[in-house]
Amino acid sequence: MQTLYDKLWQSHVVHEKSGKPDGMALIYIDRHLVHEVTSPQAFEGLKLAGRKPWRLKSILAVADHNVPTTERAHGITDPISRLQVETLDQNCQELGITEFRMNDRRQGIVHVIGPEQGATLPGMTVVCGDSHTSTHGAFAALAIGIGTSEVEHVLATQCLWAKKAKALQVLVEGELGHGISAKDIALAIIGEIGTAGGTGYAIEFAGSAIRSLSMEGRMTLCNMAIEAGARAGMIAVDDTTIEYLQSRPFAPKGGLWEKAVAHWRTLKSDEHATFDKVVRLDAASIKPQVTWGTSPEMVTTVDGKVPDPSRISDAVKRHDMEHALQYMGLAPNTPISDIHPDKIFIGSCTNSRIEDLRVAAEVVKGRSIAPSIKLAMVVPGSGLVKYQAEQEGLDKIFRDAGFEWREPGCSMCLAMNEDRLAPGERCASTSNRNFEGRQGPGGRTHLVSPAMAAAAAIAGHFVDIRKIY
Amino acid sequence: MKKFLYCDGLVAPLDRANVDTDAIIPKQFLKSIKRSGFGQNLFDEWRYLDHGEPGVDSSRRKPNPDFILNQPRYLGAEILLARANFGCGSSREHAPWALQDYGFKVIIAPSFADIFFNNCFKIGLLAIGLDSSVVDKLFDEVNAAEGYRLTVDLEAQSVRTPHGESFFFDIDPFRKYSLLNGLDEIGLTMQHAEQIAAFEARHAASQPWLFQ
């Protein structure tokens, strides 16, 4: 009896250091996604040691963190950002690595384009020098974020030293309420188990509510596994997975497709497989989530209030909460619906796919953003998502409502380019981290779903999306 | 990788849980294509009162006198005492680079985020997990005594206090061996090159679509 994680792990073990399954093992890597921020030192290390990439065709590269989301015809203005992107271009060209350059329509956020291209396939091991690599687990892949030394190691050896994690099953059964999305499930789980609740585990999300999610929703959920502390999140293969992958550019074709599908159908946990830990959530009870603090576990429901630190007995926790509220400029017991964002950000590897944009557009359609909103922006996850949205007229809906319609990239999720909050500014954001300074020094982030961000843009404060639908 | 055997170092306490890698080294410094020089921007937003950008001379900036590392008694600290879930968030190896470049050799906390923990060992920075009650006790002792030092012995897997109390810590034997010897991990893995090639051939035969 094996879990999905057991199957993925076992099928990639090249060597076990101690000869025992609980020690370090050398794991073969099928797909290596590369972006400009965490790779330059790895390429340099490789070059200095006179080494070459082991398997070029396993690598797909794209610049996403530093790219501007405004007009790109004149390139990147910031010389330091420009050098980093040019360094990636140069490394890829020299070594013969496939790269989608900034002005390629296929360019976008690495965790959006991998699946979009079919470069992420079930049964694969996927790595990237980026913690949100967990996203790709939505395809029943073992996908983990790595550091730059490991990027170099995978380039050189096609392998990674790793220790097998414990298995955590998160079971979400039942039907989600109207307006409730994968983002709300993710935040509700993190609220339940904490940002370290998944540390040392690989999470498998299962249950009827998970099976009912689209691939976009599943990617949102697996994306946030790392926010629960788990390096990997994953979901079993079903018809939804296979339908999504059919005829993607990098996906197998013809007879090979049939063979692949037959194998992929086996990529699920055996019926009586045991997990080290199981967490259960009732889908019907999940409400729209809004974070109030500086860690994704500092989250409550839209009908809730900012918590009161004076009621917390644990000294470290109380201190952290006071610190967070001070940073966020929030008084204890403030109703969430009384919080007024200055800016709205719809985008990031969590929520920038076509379905996310459709849901947000549905809320925005025929309405205008509140006068108090300084900036509302939509940053599609890739050039192809942007194109698709434009074909559907979503760009017009957003623009008519007062949103800015931007070029694809990581943008204000981490504010490495020009898109950022000014000190003290408050943002309703569909991204994944509300850390201090994440969206700009002194910036205040509230994590929400795309529908909730869109609704906040219209109302000028957080509103319960269930009352709008 | 830097060798690690032993450290007898001054301890600085950072009394916050869930310290994320964005706080350890903010995003604007990740634009560098180099591996060094991140120490001056370690904990940048907490450490300075003004906003930092790459290329700005840190000696001309305004340090935040309230931040722990700016207090004279902690100058030259080599051991960072931290709280639970240290290093959560982004996978940026720039975080351990910045800690090491600043001068830290050891981080002690009740728990670490997985990717950060892993990254530390790749560069010879020793991350030690100790029971939270022990960490509480160490915080009390550091706060009480100026010049408080700890002795970390990797071979013995021990952390010793000035009072002679000793705490054992766990470490994976392979990681320990690599640290003690300062081994080049890629070189080590390349010793398995034939095994990797053989695995790859079998893998390609059974799932050829992965090798298109």
Side-chain angles (χ1 to χ4, degrees), chain A residues 14-15 17-18 23-24 26 28 30 37-38 40-41 44 49 51 55 57 66 80-81 83-84 87 121 123-124 129-131 145-150 152-153 156-159 161 163 195-196 199-200 229 231 250 252 256 259-260 263 295 316-317 320 323 414-416 433 435-438 441, chain B residues 1 15-18 20-23 26-28 30-35 45-46 51-52 54-55 83-85 88-94 96-97 111-116 118-119 122-123 172-175 184-187 189-190 192-193 195-196 199-200 203 206-212:
Chain A
V14 173
H15 176 76
K17 195 79 208 168
S18 60
M24 294 294 254
L26 195 59
Y28 186 83
D30 296 311
V37 180
T38 55
Q41 298 87 350
E44 187 191 44
R51 292 174 174 134
R55 186 161 70 85
K57 284 186 87 172
N66 275 284
I80 310 175
S81 287
L83 176 64
Q84 195 165 56
T87 303
L121 295 172
M124 273 184 167
D130 194 286
S131 62
I146 58 177
T148 299
S149 294
E150 289 179 315
E152 184 180 338
H153 190 275
T157 69
Q158 209 59 40
C159 290
W161 288 104
K163 209 169 177 164
T195 49
T199 302
R231 215 170 165 184
F250 285 61
L256 213 48
K259 267 183 83 173
H263 172 67
S295 161
V316 175
K317 259 199 167 143
D320 285 349
H323 199 107
L414 88 165
M416 266 189 90
R433 288 185 177 138
F435 299 157
E436 282 185 23
R438 172 80 178 180
Chain B
M1 185 176 76
D15 197 359
R16 282 184 77 164
N18 299 315
D20 58 74
T21 54
D22 275 79
K27 85 294 298 299
Q28 62 269 35
L30 311 192
K31 295 181 186 184
S32 167
I33 57 170
K34 300 201 179 82
R35 217 180 181 114
E45 284 186 27
W46 294 342
H51 174 65
R83 293 289 186 187
N85 199 26
C88 60
S90 155
S91 67
R92 58 190 69 166
E93 196 168 307
H94 312 68
W97 292 342
S111 59
F112 296 90
D114 285 343
I115 303 180
F116 174 84
N118 209 49
N119 285 343
K122 305 293 173 186
I123 63 164
D172 177 86
F174 178 44
R175 283 191 170 134
D184 164 27
E185 201 176 60
I186 296 178
T189 306
M190 288 309 270
H192 298 283
Q195 229 178 328
I196 299 169
F199 176 92
E200 192 168 54
H203 200 49
S206 68
Q207 297 180 56
W209 54 88
L210 298 177
F211 290 80
Q212 284 184 300

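Chain identifiers are assigned alphabetically (A, B, ...) following the order of the sequence lines, protein sequences preceding nucleic acid strands; residue numbering begins at 1 within each chain. What you see is a predicted model; the values in this text were computed from it and never measured.
Chain B forms more heavy-atom pairs under 4.5 Å with one residue of S295(A), A196(A), C159(A), P441(A) than with any other, namely P441(A). Comparing P54(B), A23(B), G55(B), G89(B) by heavy-atom pairs within less than 4.5 Å of chain A, the highest count is held by G89(B). Of the listed residues Q158(A), R51(A), K259(A), the one with more heavy-atom pairs under 4.5 angstrom with chain B than any other is R51(A). Taking L83(A), L414(A), T38(A) one by one and counting their heavy-atom pairs under 4.5 Å with chain B, the maximum is reached by L414(A). Interface check for chain A: of the options L30(B), N18(B), L210(B), D15(B), the most heavy-atom pairs under 4.5 Å are formed by L30(B). For the set T21(B), D184(B), I123(B), the count of heavy-atom pairs under 4.5 angstrom toward chain A peaks at D184(B). In terms of heavy-atom pairs under 4.5 angstrom with chain A, the leader among I186(B), N119(B), N85(B) is I186(B). Chain A forms the most heavy-atom pairs under 4.5 Å with one residue out of S206(B), G52(B), S32(B), P96(B), and that residue is S32(B). When M190(B), M1(B), E185(B) are compared by the number of non-hydrogen pairs under 4.5 Å with chain A, E185(B) comes out ahead. For the set G145(A), A415(A), P40(A), A260(A), the entry with the most heavy-atom pairs within less than 4.5 Å of chain B is A260(A).
Under the 4.5 Å side-chain criterion, counting only non-hydrogen atoms from C-beta, D320(A) is not in contact with R83(B). Residues L26(A) and F199(B) are not in side-chain contact: their nearest non-hydrogen atoms beyond the backbone lie 4.5 Å or more apart. Between M124(A) and Q207(B) there is no side-chain heavy-atom pair separated by less than 4.5 Å.
Scanning both residues, K163(A) and D172(B), for their nearest heavy atoms gives NZ-OD1, 3.4 Å. In this structure, K27(B) and G437(A) approach most closely via the heavy-atom pair NZ-O, 2.8 Å. Summarising the geometry of G129(A) relative to S91(B), their closest heavy-atom pair is C-OG, 3.5 Å, with the distance given to 0.1 Å.
There is a side-chain donor-acceptor pair under 3.5 Å between S149(A) and R35(B). For the residue pair N118(B) / E150(A), a side-chain donor-acceptor distance below 3.5 Å is found, with atom types taken as modelled.
Remark: the backbone N or O of T199(A) is not paired with any side-chain donor or acceptor of D114(B) at under 3.5 angstrom. Put simply, the side chain of K57(A) never gets that close to the backbone of F211(B): no donor and acceptor are under 3.5 Å apart. Checked by atom type and distance alone, the side chain of Q195(B) pairs as donor or acceptor with a backbone atom of V14(A) at under 3.5 Å. For the pair K317(A) (side chain) and A17(B) (backbone), a donor-acceptor distance under 3.5 Å is absent. Remark: side-chain polar atoms of E436(A) are not paired, donor with acceptor, to backbone N or O of D20(B) under 3.5 angstrom.
Contacts of E45(B) with chain A are made by side-chain atoms alone, with heavy-atom separations under 4.5 Å and no backbone atom involved. Proximity to chain B (any heavy atom under 4.5 Å) is restricted, for V316(A), to the side chain, taken from C-beta onward. Looking at A84(B), there are no atoms closer than 4.5 Å to chain A (heavy atoms on both sides), in backbone or side chain. Contact of H263(A) with chain B is made through the side chain alone, with heavy-atom distances under 4.5 Å. Neither the backbone nor the side chain of A49(A) comes within less than 4.5 Å of any heavy atom in chain B. Contacts between R438(A) and chain B at a heavy-atom distance below 4.5 Å involve backbone atoms as well as side-chain atoms.
Aromatic ring orientation, H192(B) versus H15(A): tilted (interplanar angle from 30° to 60°).
Between K122(B) and E152(A) there is no salt bridge, since no side-chain N of the basic residue sits under 4.0 Å from a carboxylate O of the acidic one.
The NZ atom of K17(A) lies 4.5 Å from the CZ atom of F174(B); values are rounded to the nearest 0.5 Å.
The one candidate from V37(A), I80(A), T87(A) that meets the side-chain contact (heavy atoms from CB on, under 4.5 Å) condition with I33(B) is T87(A).
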